[in-house]
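Notes to accompany the following structure.
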Amino acid sequence: MKRSKVAALLATTEIDREVLVKGWVRTKRGNKFVSFIALNDGSTINNIQLVADAEKFSEDSLREVTTGACIAASGILVASQGKGQTVEIQVNNIEVLGAADPEKYPLQKKGHSLEFLREIAHLRPRTNTFGAVLRMRHAMAFAVHKYFNDHGFYYVHTPIITGSDAEGAGQMFQVTTLDPANPPKTETGEVDYTEDFFGKQTNLTVSGQLEGEVAAMALGQIYTFGPTFRAENSNTTRHLAEFWMIEPEMAFADLTDNMDSAEEFLKFLVMYALNNCKDDLQFLNDMYDKELLNRLNFVVQNSFQRLEYTEAIEILKSAKQKFEFPVEWGTDLQSEHERYLVEKHFKKPVILINYPKHIKAFYMKQNEDGKTVRAMDVLFPGIGEIIGGSQREENYEKLAQRIQEMGIHEEELWWYLELRKFGTAPHAGYGLGFERLMLFVTGMGNIRDVIPFPRFPKSAEF
RNA sequence: UCCUCCUUAGCUCAGUUGGUUAGAGCACAUGACUGUUAAUCAUGGGGUCCUUGGUUCAAGCCCAAGAGGGGGAGCCA
């Protein structure tokens, strides 16, 4: 007989038939006459109840059916006699596929702290919480591809190993096959990277944007969705050393098009979660964050507040609240400033644009005022910056000059500059941190709990 | 990296002014119970009080250093 998934059985109206289920035991309870086994197979957060009568199953035969054990069970799917579920399985046969010593199995019926579960990342997907998070992670990844495919964007695979260190987005992980204890040296005593695998120094990517622009200047609209690496010594609830980033890039788009795209995209993703992850969202709402569903609904129903950086500075300066860091035009906004704007002043997502050029990246399009660039940050409640983007500088001379001013190695960016030399066009794009999106849609408080195997300083255990 | 808090049973935590035998709930084991819903009830086993050093007649508790973890900040997505 073919295995049925628990999700399908709980949704079916065809009862009084024989079924086979396989999954992991969550709890067993009962008395000497009957045992009730709650079984979960990951297809849904809900369990199916197996009913094992003592006539068919001796106490001994159920000895290995304990919390955490993996079993296959066959029997008749029937309308439940008890309350709390509509159907259950009157079991005829149980096979223990893998026992789990109840003295040693770390997961129990009752709740565990998220900190403890982080130490057993190989078992935490079997909890309600991580089952919900991982199913939602899949749903969100699928929704990303669906949105862009439906809107005429092409998925482009940008390289994970990069020879450019000019992206300026933080510390990078080096990729090398040289012997770390005894690397080849040049005459001046420095490591000779011409002997390395690629003949030059290489690193793991911190962004696919520059290569994404290459593709956008041929295919029109593209997006990347891949792993991204930052070797910063960041120890926060919002940073990982290895995370996934989505970077759309659009030819013939300006900053307004960019804002429109980012807002529509985020709303689509949240709407997709609301429509397709109901059970998991309800669980997370009940267990972790009673405002989660309200907040998600609010985001899809209200337009984001669009605001000039200069206006934001004025709002912050006239705010009654005292800030730890002083506010002055030309300084970057601190977390406390972003939180004030989003959570206190506007009480909705905010898109901040036109930042001072000296606090933003070299590739952003310069405004006529000579002071600001067409940058855009989307700020979300509780998370801060969820998207960062800009219109790109498409003028060769202005871009080359900016590269010089900022002391970036021009020779490594020759191909990026040539995009402006041959058939240049206005274009814009942005980057969405996938795990920050996951924080928002799940209501989880720590980014280490929305990725199956988190990578952060001093931690790569699993 | 900085600030701050925490570390006691498998898990979550209590532990008074430093005082003699370190507790609870859950989990686990045994038993009871004719349909349970994180089942319930009874009984029982279970401890490197993070590590090292110090103060003291006496340290889970006070002091110092270290390790691990949480939260906040910086950097950013």
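Order of the sequence lines sets the chain letters (A, B, ...), proteins ahead of strands, with each chain counted from 1. Model, not experiment: these values are computed from the prediction.
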Which atom pairs, donor and acceptor, lie under 3.5 Å between side-chain atoms of residues 453-462 of chain A and protein residues at least two apart or in another chain?
from      : atom 1 : to        : atom 2 : distance (Å)
Arg455(A) : NH1    : Phe462(A) : O      : 3.3
Arg455(A) : NH2    : Phe462(A) : O      : 2.6

(message) Strictly distance-based, threshold 3.5 Å: is any side-chain N or O of Asn31(A) a donor or acceptor partner for the main-chain N or O of Val34(A)?
(response) yes
(message) Donor-acceptor pair, distance only, cut-off 3.5 Å: does the side chain of Gln49(A) make one with the backbone of Val87(A)?
(response) no
(request) Using the test ring pair (Phe, Tyr, Trp, His ring centres under 6.0 Å), find all partners of Phe130(A) that sit at least two apart in sequence or belong to another chain. (result) none
(message) Please confirm whether the ring centroid of Phe325(A) lies under 6.0 Å from the ring centroid of His337(A).
(response) no
(request) For this output row, return yes or no: ring centroids of Phe225(A) and Phe148(A) closer than 6.0 angstrom. (result) no
(request) Just compare G70(B), G74(B), U37(B) and give me whichever is closest to any side-chain atom of Lys83(A). (result) U37(B)
(request) Could you check which of U37(B), C28(B), U1(B) has an atom nearest any side-chain atom of Asn233(A)? (result) U1(B)
(message) Suppose you measure atom C1' in U20(B) against the same atom in A59(B); what distance do you get, rounded to whole Å?
(response) 13 Å
Nucleotides 4-14 of chain B: which of its N/O atoms have a protein N/O under 3.5 Å away?
from   : atom 1 : to        : atom 2 : distance (Å)
G10(B) : N2     : Gln108(A) : OE1    : 3.0
G10(B) : N2     : Gln108(A) : NE2    : 2.9
G10(B) : N3     : Gln108(A) : NE2    : 3.2
U12(B) : OP1    : Ser113(A) : OG     : 2.9

(request) Answer yes or no: does a side-chain N or O of Arg238(A) lie under 4.0 Å from OP1 or OP2 of G72(B)? (result) no
(request) State whether Arg63(A) places a side-chain N or O below 4.0 Å from either non-bridging phosphate oxygen (OP1 or OP2) of C28(B). (result) no
(message) So, using side chain to side chain contact (heavy atoms under 4.5 Å, CB included) as the criterion, who are the partners of His151(A) when residues are at least two apart?
(response) Tyr147(A), Phe153(A), Glu264(A)
(message) Strictly by side chain to side chain donor-acceptor pair (under 3.5 Å), give each pair with a member in residues 132-145 of chain A just once, sequence neighbours left out.
(response) Arg135(A)-Asp280(A), Arg137(A)-Glu435(A), His145(A)-Tyr223(A)
(request) Give RNA chain B the dot-bracket treatment, 5' to 3': Watson-Crick (N1-N3 with N6-O4 or O6-N4) or G-U (N1-O2, O6-N3) under 3.5 Å, [ ] crossing, | other strand. (result) (((((((..((((.....[...)))).(((((.......))))).....(((((..]....))))))))))))....
Need one value for [X]: base, sugar-phosphate or nothing, where a base atom within 4.0 Å counts as base even if backbone is also close, heavy atoms only.
X: Ser80(A); answer: base
X: Thr228(A); answer: nothing
X: Leu437(A); answer: nothing
X: Asn235(A); answer: base
X: Glu88(A); answer: base

(message) Which residues in residues 13-34 of chain A have a heavy atom closer than 4.0 Å to any atom of RNA chain B?
(response) Thr27(A), Arg29(A), Gly30(A), Asn31(A), Lys32(A), Phe33(A)
(request) Give, ordered by number, those residues of residues 330-339 of chain A having at least one heavy-atom distance below 4.0 Å to an atom of RNA chain B; if nothing qualifies, reply none. (result) Gln334(A), Ser335(A)
Tabulate protein N/O versus nucleotide N/O from nucleotides 48-52 of chain B, keeping only pairs under 3.5 Å, one per line.
none

(request) Among residues two or more places apart or on two chains, list those pairs meeting ring pair (Phe, Tyr, Trp, His ring centres under 6.0 Å) that have a residue in residues 57-79 of chain A. (result) none
(message) Considering only residues two or more places apart or on different chains, which pairs with a residue in residues 12-52 of chain A satisfy ring pair (Phe, Tyr, Trp, His ring centres under 6.0 Å)?
(response) none
(request) Please collect all salt bridge (Lys or Arg N to Asp or Glu O under 4.0 Å) contacts where either partner lies in residues 340-353 of chain A, sequence neighbours excluded, each pair once. (result) Arg339(A)-Glu343(A)
